[in-house]
Amino acid sequence: MLEIQRLRSDKEGVIIGLSKRNIDPTKTINDILEMDGLWRENKTQLENISAELNQLSRKIGDCFKNNNHDEALLLKNETQELKAKEAVLKAHVDELDSKITTMLYSLPNVPHVDVIQGRLPDDNQLIESQGELPTFSFTAIPHWDLAKKYQLIDFELGVKVTGAGFPFYRGKGAKLQRALIAFFLDEADKAGYEEFIAPLLVNEASGIGTGQLPDKEGQMYYAPEDELYLIPTAEVPLTNIYRDVLLPNEDFSIKLTGYTPCFRREAGSYGKDVRGLNRLHQFDKVEIVRIEHPKNSEKALNEMVSHVRNLLIKLELPFRILRLCGGDMGFASAMTFDFEVYSAAQDKWLEVSSVSRFDTYQSNRLKLRFKDADKKSKLCHTLNGSALALPRILAAMLENNQTPEGIKIPSILQPYTGFAVIN
RNA sequence: GGUGGGAUGGGUGAGUGGCUGAAACCAACAGUUUGCUAAACUGUCGUACGGGUAACUGUACCGCGAGUUCGAAUCUCGCUCCCACCGCCA
């Protein structure tokens with residue numbers, strides 16, 4: 001969530017920034033600031049009364065010690081009225097506090113200055129297009145048919161055992177998954193990210209920490225018996241490692257990575273977009289997460305973009321990088337780059353990675369801070385990105401690399417798969 | 001699943017109603033001493049929010065939430081989590 005101090009000191013800047021998301025937060029912000037003023041006023045009064053009560057109590061204690069019971073009784077009576085006032089003010093202050101927090105939660109992050117206003121995916125800025133789009137002398141087969149033909153993925157079996165969106169990978173399909181995961185993790189390791197194997201279920205506090213809760217609980221699978229949520233991305237457990245953490249100095253750069261399956265209910269999606277591997281309830285992903293000093297987050301974002309870019313180049317997939325417009329960005333993001341690979345048979349660009357900086361928006365909720373040189377606590381910046389999500393990579397790879405003789409495996413992956421062709 | 005024990009500052013841990021925002025030790029930081037390292041000595045050392053240009057000051061916080069009391073880390077109740085042992089088990 002946004003810092004209240006930012007609203008106090010730069011209200012106009014926040015309003016202008018948020019207008020890039022095509023929303024007008026003026027009323028909300030005015031309401032927040034009005035309540036904030038009221039809150040501070042009442043809070044001061046409350047604290048004064050508490051101070052008075054504390055003093056009285058001390059006096060009463062002294063009286064008892066000096067055997068001055070009469071005066072103690074008099075003073076006791078004095079506290080009654082103050083205590084009543086205190087209770088009323090306390091309730092008022094608490095109510096204002098929670099109203100302010102709720103309203104702050106309702107405001108999305110302010111887009112970075114370089115982010116342009118826009119409404120639709122069409123408004124996103126094309127940053128780079130890389131690699132030749134494949135052409136075929138035959139009719140290209142979509143990946144769901146290729147997967148069937150070569151017995152790589154069994155969607156029907158998944159339906160039988162679990163339901164739609166939970167495929168089985170088998171044979172070379174399964175090996176290819178394992179190869180991709182190992183390849184992505186090795187690359188992240190080379191880039192200095194520490195590997196974690198994280199829990200796949202998280203508690204409510206973690207869901208709140210990274211912002212899935214309370215609003216988006218419909219997107220997560222939930223185990224009510226134990227009050228645990230299945231993770232929608234490794235971002236949740238990895239980032240929550242640093243929930244309620246105060247780093248001791250400003251000399252830090254934390255780089256984490258982890259492979260996990262991801263579980264998403266995807267309530268409300270339907271149609272041809274969900275065909276085959278395009279949208280699943282369970283899929284595999286390697287995530288990279290960074291926690292940085294504010295002055296380093298721009299550099300970190302660039303490094304992450306170039307890391308993902310290199311992965312796609314090594315995998316020989318044609319891709320493009322888009323900088324999302326204000327209207328297409330996630331709620332918590334200040335700037336997002338989407339990576340899309342071209343999938344030949346579907347003639348479609350498929351999103352395979354989303355790399356974002358959140359600035360202090362996430363860390364404010366997480367209470368993730370560091371001590372600066374002046375010994376003051378400041379919020380860290382967080383960033384994360386997929387590097388990469390597997391299913392659509394697999395879809396593009398199958399479709400783009402198909403030949404009448406079989407599907408070619410990119411040379412970088414062959415040491416991992418142990419085979420060069422699927423046939 | 002059963003039975004016990006516990007939750008205090010970065011760590012260990014003292015603290016059963018006011019002198020406790022909290023002893024002591026360790027760690028950390030700054031300094032003195034020292035040929036270097038080490039040791040020793042001295043000092044500093046929780047977080048959040050409010051007020052103040054600032055020095056500073058007020059309030060809250062001893063797992064969480066309620067209660068008793070003029071006053072709660074300390075007493076009462078509820079909850080959560082952790083640990084140990086037993087059972088079961090990859």
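Letters A, B, ... are given to chains in the order of the sequence lines, protein chains preceding strands, and every chain is numbered from 1.
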Provide the distance between the two [atom1] atoms, one in [N] and one in [M], to the nearest whole Å.
N	M	atom1	value
C77(B)	C26(B)	P	39 Å
G35(B)	A27(B)	P	25 Å
A55(B)	A28(B)	P	29 Å
G17(B)	U69(B)	C1'	9 Å

> What does nucleotides 63-81 of chain B look like as a protein-contact string, B for base, S for sugar-phosphate only, - for none, at under 4.0 angstrom between heavy atoms?
Replying inline: -------BS----------
Check the orientation of [X] and [Y]. Use parallel for under 30°, tilted for 30 to 60°, and perpendicular for over 60°.
X	Y	value
F64(A)	H69(A)	perpendicular
Y416(A)	F183(A)	perpendicular
H281(A)	Y221(A)	perpendicular

Rounded to whole angstroms, how far apart are [atom1] on [X] and [atom2] on [N]?
X	N	atom1	atom2	value
Q55(A)	U59(B)	CD	P	8 Å
K59(A)	C19(B)	NZ	P	17 Å
D62(A)	C19(B)	CG	C1'	10 Å
N48(A)	G58(B)	CG	C1'	8 Å
K378(A)	A48(B)	NZ	P	12 Å

> With distance as the sole criterion, is a donor-acceptor pair present between the side chains of S206(A) and R243(A) under 3.5 Å?
Replying inline: yes
> Are side-chain N/O atoms of S98(A) and T101(A) paired as donor and acceptor at under 3.5 Å?
Replying inline: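 No, no side-chain donor-acceptor pair sits under 3.5 Å.
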> Using purine N1 to pyrimidine N3 plus N6-O4 or O6-N4 for Watson-Crick, or N1-O2 and O6-N3 for G-U wobble, each under 3.5 Å, what pairs with G6(B)?
Replying inline: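 Check on G6(B): paired to C81(B), both distances under 3.5 Å.
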> For U69(B), what is the paired nucleotide under Watson-Crick or G-U wobble rules, both distances under 3.5 Å?
Replying inline: none
List every contact pair, protein side and nucleotides 49-52 of chain B side both N or O, where the distance is under 3.5 Å.
| from | atom 1 | to | atom 2 | distance (Å) |
| --- | --- | --- | --- | --- |
| G50(B) | OP1 | R8(A) | NH1 | 2.9 |
| G50(B) | OP1 | R8(A) | NH2 | 3.1 |
| G50(B) | O2' | T44(A) | OG1 | 3.1 |
| G51(B) | OP1 | R40(A) | NH1 | 3.0 |

> With ring centroids as reference points, do F252(A) and F370(A) lie under 6.0 angstrom apart?
Replying inline: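 Distance test on ring centres: under 6.0 Å, yes.
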> Is atom CD of E227(A) surrounded by more than 12 heavy atoms (other residues, nucleotides or ligands) closer than 6.0 Å?
Replying inline: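 Atom CD in E227(A) is not crowded, with 12 or fewer foreign heavy atoms closer than 6.0 Å.
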>> Mind checking if N54(A) touches a base, just sugar-phosphate, or nothing, with heavy atoms under 4.0 Å?
In response: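 Counting heavy atoms under 4.0 Å across all strands, the contact made by N54(A) is with sugar-phosphate only.
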> Partners of K76(A) by side chain to side chain donor-acceptor pair (under 3.5 Å), sequence neighbours excluded?
Replying inline: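 For K76(A), no residue satisfies side chain to side chain donor-acceptor pair (under 3.5 Å) once neighbours in sequence are set aside.
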